Amino acid sequence: MPELPEVEALRVFLDEHLTGREIARVLPVAVSVLKTYDPPLTALQGATVESVARHGKFLDLGAGGLHLLFHLARAGWLRWYDVLPSGAPRPGKGPLALRCALITGEGFDLTEAGTTKRLAVHLVHDPAEVPGVARLGPDPLAPDFDRAAFAALLAGERRQLKGALRDQSLIAGIGNAYSDEILHAARMSPFKPVQNLTDDEVTLLHHAMRDTLTEAVARSQGLAARDLKAEKKTGLRVHGRAGQPCPVCGDTVREVSYRDSSLQYCPTCQTGGKPLADRRMSRLLK
């Protein structure tokens with residue numbers, strides 16, 4: 001799933017390629033992708049893109065007094081064309097979900113792999129009309145999201161660290177991959193209860209979060225949209241690297257699996273050398 005660093009890189013890319021340009025048409029190809037119908041997508045025809053913003057993992061194209069927002073979900077992506085393919089796209093079983101064409105002949109496709117379709121597109125007058133945006137917590141890279149603001153958010157939390165970091169209503173933009181990376185940088189167990197954090201650990205976690213995300217954004221700067229996925233994978237230290245050596249200590253990166261996701265961690269760096277219980281594997285071994 002694209003998370004804050006990749007979505008921020010897409011925002012910068014689209015800002016450079018879309019702002020000031022006129023939209024020729026926006027065509028939904030997959031029936032499931034469009035979540036709003038008033039105003040219609042035809043309202044964007046002839047509108048000039050005025051801004052490209054990010055809200056957590058949502059991208060927001062401002063044009064003609066309207067906002068075209070989209071969330072790429074787990075398997076969605078954006079493909080940019082200097083020259084769009086000729087002819088109208090045809091609905092079918094392929095990954096293409098939506099096409100945005102500029103009068104210059106440039107444009108982009110939104111695609112989604114797999115059979116589970118969660119990519120979502122909204123056209124609204126105000127981004128706050130989108131429920132997923134309205135419920136977002138603060139952006140972890142916002143200038144005013146300091147240690148005090150972070151500590152205030154965590155006050156009263158009783159969840160484990162992994163779940164808290166991934167909650168978009170608590171902190172916007174962090175998902176499965178970067179929560180693993182942040183906790184590895186902070187040398188904390190993903191299962192550690194938030195209420196057990198000391199003041200020093202809150203400070204450490206805040207620094208790890210800011211540094212991990214800032215470094216990931218910096219690595220993505222200047223890259224074309226097509227190169228962002230590969231950059232994300234090369235920059236990860238533990239997520240998606242189960243069975244490989246930890247780049248910090250050399251211990252083997254371990255995994256805990258769930259029904260539809262998994263987390264990765266380093267026992268030496270994060271859990272005092274003790275492997276965490278893998279609930280799914282425990283059930284299989286019974």
Side-chain angles (χ1 to χ4, degrees), residues 1-85 87-91 95-112 117-139 141-142 168-169 172-173 224-225 228:
M1 176 183 288
E3 299 179 32
L4 186 155
E6 296 79 50
V7 179
E8 175 62 17
L10 283 175
R11 183 200 66 77
V12 173
F13 178 87
L14 292 176
D15 187 42
E16 295 172 350
H17 289 75
L18 289 178
T19 302
R21 291 174 171 83
E22 185 178 327
I23 297 173
R25 61 191 179 279
V26 179
L27 300 172
V29 180
V31 175
S32 61
V33 71
L34 191 59
K35 306 304 180 184
T36 58
Y37 301 95
D38 184 20
L41 290 179
T42 53
L44 291 173
Q45 292 179 5
T48 297
V49 178
E50 300 151 354
S51 63
V52 181
R54 177 182 60 79
H55 313 283
K57 301 177 192 177
F58 285 85
L59 280 166
D60 172 4
L61 309 185
L66 299 173
H67 294 266
L68 181 69
L69 287 97
F70 50 92
H71 190 293
L72 295 171
R74 177 173 292 183
W77 196 243
L78 182 146
R79 182 174 183 180
W80 176 264
Y81 293 92
D82 291 329
V83 179
L84 279 168
R90 295 182 178 180
L96 182 58
L98 179 138
R99 174 166 292 172
C100 178
L102 305 178
I103 61 169
T104 59
E106 302 165 292
F108 65 85
D109 286 345
L110 296 182
T111 63
E112 186 171 25
K117 302 301 181 182
R118 295 177 180 171
L119 193 155
V121 176
H122 308 255
L123 183 62
V124 293
H125 294 280
D126 185 330
E129 296 175 36
V130 179
V133 172
R135 72 178 183 89
L136 287 175
D139 192 291
L141 293 185
Q168 299 304 293
S169 64
L228 290 173

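Each residue takes its place number in the sequence, starting with 1. This is a predicted model, so every value here is computed, not measured.
- Residues L66 and H125 have side chains in contact (heavy-atom distance under 4.5 Å, counting atoms from C-beta outward).
- The shortest distance between side-chain heavy atoms of P127 and L69 falls below 4.5 Å.
- Residues V49 and L18 approach most closely at CB-O, 3.4 Å, considering heavy atoms.
- The shortest side-chain heavy-atom distance between L72 and F58 does not fall under the 4.5 Å cut-off.
- For W80 against G107, the heavy-atom pair with the smallest separation is CE3-O, 3.3 Å.
- A salt bridge is defined here as a Lys NZ or Arg NE, NH1 or NH2 lying under 4.0 Å from an Asp or Glu carboxylate O, and K57 with E3 fails to meet this definition.
- For R25, the CZ atom counts as loosely surrounded, since its 6.0 Å shell holds 12 or fewer non-hydrogen atoms of other residues, nucleotides or ligands.
- Counting heavy atoms from C-beta outward, L41 and L68 have side chains that approach closer than 4.5 Å.
- Using a 4.5 Å heavy-atom cutoff, the side chains of R99 and V26 are not in contact.
- Counting heavy atoms from C-beta on, the side chains of V33 and V121 come closer than 4.5 Å.
- With hydrogens and angles ignored, the 3.5 Å screen pairs no side-chain donor or acceptor of E112 with any backbone N or O of A97.
- Across P40 and L123, no two heavy atoms sit closer than the pair O-CD2, 3.2 Å.
- Checking side-chain atoms of E8 against main-chain N and O of R54 turns up no donor-acceptor pair under 3.5 Å.
- Atom-to-atom distance recorded for I23:CD1 and L44:CG is 5.0 Å, nearest 0.5 angstrom.
- Side-chain contact check for L110 versus W77: every heavy-atom pair is 4.5 Å or farther apart.
- Side-chain contact between R11 and L59: present, with at least one pair of heavy atoms (C-beta onward) separated by less than 4.5 Å.
- In this structure, H122 and K35 approach most closely via the heavy-atom pair CE1-CB, 3.5 Å.
- Side-chain atoms of H67 and D126 include no donor-acceptor pair closer than 3.5 Å.
- For D109 and R79, the salt-bridge test fails: no basic side-chain N is under 4.0 Å from an acidic carboxylate O.
- When every heavy atom of G56 is checked against every heavy atom of A172, the shortest pair comes out as CA-CB, 3.8 Å.
- Residues G76 and L119 share a closest heavy-atom pair of CA-CD1, 4.0 Å.
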